[in-house]
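Just so it is clear, the structure is predicted and the values come from calculations on it, not from any experiment. Just follow the structure's listing: the first ligand is 1, and inside any ligand the first atom is 1.
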Amino acid sequence: MKEAPKTALKILEIIKGASKVCVVGHIRPDGDCIGSQLALTLALESQGMEVMCWNQDPAPAKLKFMDTKGRFQPPSSGHQFDLVIAVDAASYDRLGEVAAFIQDRQKLINIDHHPSNTRYGDINWIASASASSGEMVYQLIQAAKWPLTKEIANCLFTAISTDTGSFQYPSTSQATFVTAGHLVEKGANLGMICDEVYQSYSLSRVRLLKRVYNQFKLTENNQIAYLWLKKSDYAKTGATRADTEGLIDHIRAIEPVLVACLFEELEPGVTRISLRSKHPQVDVDTIARQFGGGGHKAASGARIEGKPMTVQRRLITVLRKAIRNQL
Ligand code: 5GP
Ligand code: MN
């Protein structure tokens with residue numbers, strides 16, 4: 001196992017002096033965020049701390065299996081915390097509505113693997129070489145010698161599996177496999193997790209996917225694929241936001257495509273974009289940052305204001321330039 005860095009040890013010292021803790025994560029939480037939040041919550045509880053596990057949004061149905069004790073909750077007022085720990089959240093903004101409920105605290109710790117992390121904590125442990133925040137929580141639990149229960153192992157395995165695209169993205173390292181192997185040894189139920197996460201699509205998602213295949217567009221010599229999700233797509237298929245996770249991978253996987261982009265109409269004049277790059281020199285983290293967002297080199301996102309077609313034109317222009325500069 002990789003040794004925990006000094007910052008992680010410092011974080012452990014601070015945790016050991018705390019008794020009331022709140023573990024928070026980013027809006028529209030994914031498997032890495034939920035798994036990391038829950039694993040850390042359970043580990044701290046095992047040490048006798050009082051722990052809240054808050055997120056603005058609920059866990060998507062297919063990730064609820066991790067929360068066997070119903071710990072993943074929306075925030076509530078009237079709490080004082082010795083410590084707030086944010087996991088997998090690249091900026092303070094990404095905590096969404098939770099931010100207003102964690103003001104009364106002694107310290108804020110920021111544990112994350114996004115290179116675009118804005119270092120908003122009092123202590124920041126940012127490991128951009130880590131493929132998931134789950135691996136960082138694993139390192140922390142191991143360094144502290146806290147028990148790695150079966151339930152914690154399930155949460156961390158799910159975190160790692162989802163953020164590495166089932167161990168496919170180049171961010172997956174030897175350490176990722178060693179960690180995942182140890183989690184299986186500790187009882188992570190690989191069959192159950194894969195069944196829940198990858199083999200249990202809702203019918204509404206499949207209907208949405210049909211539309212995706214009908215509607216996506218290609219440009220720049222088939223090297224850019226893009227797709228719009230409009231309110232009417234949700235209305236016509238019965239799909240919800242939770243059904244959109246991983247949709248972009250279907251257009252990313254087309255052989256000549258170097259960059260995939262998903263545009264989603266959030267409200268009139270606000271578009272969410274998701275970007276995926278398959279070209280090592282086309283860094284979509286840098287591109288998303290130009291639009292006020294961020295993420296990783298190969299996967300990023302942003303929220304952009306403006307007319308939908310203007311947003312599309314601006315973004316496609318930047319993507320074209322990024323590709324032309326590399327070829
Ligand atoms: P997704 O496309 O799956 O929503 O996000 C891909 C990656 O980009 C994730 O690592 C996510 O944290 C990051 N990301 C998505 N949207 C935003 C955003 O609005 N701001 C920032 N800073 N990062 C984002
Ligand atoms: Mn993550």
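Atoms CD1 and OG1, from Ile123 and Thr7 in turn, are 8.5 Å apart once rounded to the nearest 0.5 Å.
Taking atom 19 (O) of ligand 1 as the reference point, the nearest protein heavy-atom neighbour is Ala302 CA, 3.5 Å. Scanning all protein heavy atoms for the shortest distance to atom 7 (C) of ligand 1 gives Ala299 O, 3.6 Å. Considering only non-hydrogen protein atoms, atom 11 (C) of ligand 1 sits nearest to Arg94 NH2, 3.7 Å. Scanning the protein for heavy atoms near atom 21 (C) of ligand 1, the closest one is Gly294 N, 3.4 Å. Protein heavy atom nearest atom 2 (O) of ligand 1, with residue, atom name and distance: Ser274 OG, 2.5 Å. The protein atom (non-hydrogen) at minimum distance from atom 18 (C) of ligand 1 is Gly301 O, 3.4 Å.
The ligand atoms of ligand 1 that sit less than 4.0 angstrom from a heavy atom of Gly295 are 8 (O), 13 (C). Those atoms of ligand 1 that come under 4.0 Å of a heavy atom in Arg272, given as number and element, are 4 (O). Interface of His296 with ligand 1, defined as ligand atoms under 4.0 Å from a residue heavy atom, comprises 10 (O).
Contact annotation: the side chain of Leu156 approaches that of Ile141 to within less than 4.5 Å [non-hydrogen atoms, C-beta and beyond]. Trp146 places none of its side-chain heavy atoms less than 4.5 Å from the side chain of Leu42. Residues His113 and Asp163 have side chains in contact (heavy-atom distance under 4.5 Å, counting atoms from C-beta outward). Counting heavy atoms from C-beta outward, Leu95 and Ile27 have side chains that stay 4.5 Å or more apart. By the 4.5 Å heavy-atom criterion applied to side chains, Glu265 and Leu229 are not counted as neighbours. You'll find the side chain of Gln73 stays beyond 4.5 Å of the side chain of Met52, heavy atoms only.
Within Asp88, the N, O or S atom at minimum distance from the Mn ion (ligand 2) carries the name OD1. Taking the Mn ion (ligand 2) as reference, the nearest N/O/S atom within Asp163 carries the name OD2. Restricting Asp32 to its N, O or S atoms, the one at the least distance from the Mn ion (ligand 2) is OD2.
Put simply, His113 gets within reach of the Mn ion (ligand 2), with an N, O or S atom under 2.8 Å from it.
Distances from ligand 1 to the non-hydrogen atoms of Ser91 include no value under 4.0 Å.
We find that Lys64 and Glu196 are not joined by a salt bridge, their nearest charged nitrogen and carboxylate oxygen being 4.0 Å or further apart.
In this structure a side-chain-to-backbone donor-acceptor pair under 3.5 Å is missing from Gln290 to Ile287.
Ligand 1 has no N or O atom lying under 3.5 Å from any N or O atom of His26, backbone or side chain.
Comparing heavy-atom distances from atom 10 (O) of ligand 1 across His114, Arg28, Glu264, Arg276 singles out His114 as nearest.
No option in Phe216, Trp228, Phe291 other than Trp228 meets the ring pair (Phe, Tyr, Trp, His ring centres under 6.0 Å) test with Phe263.
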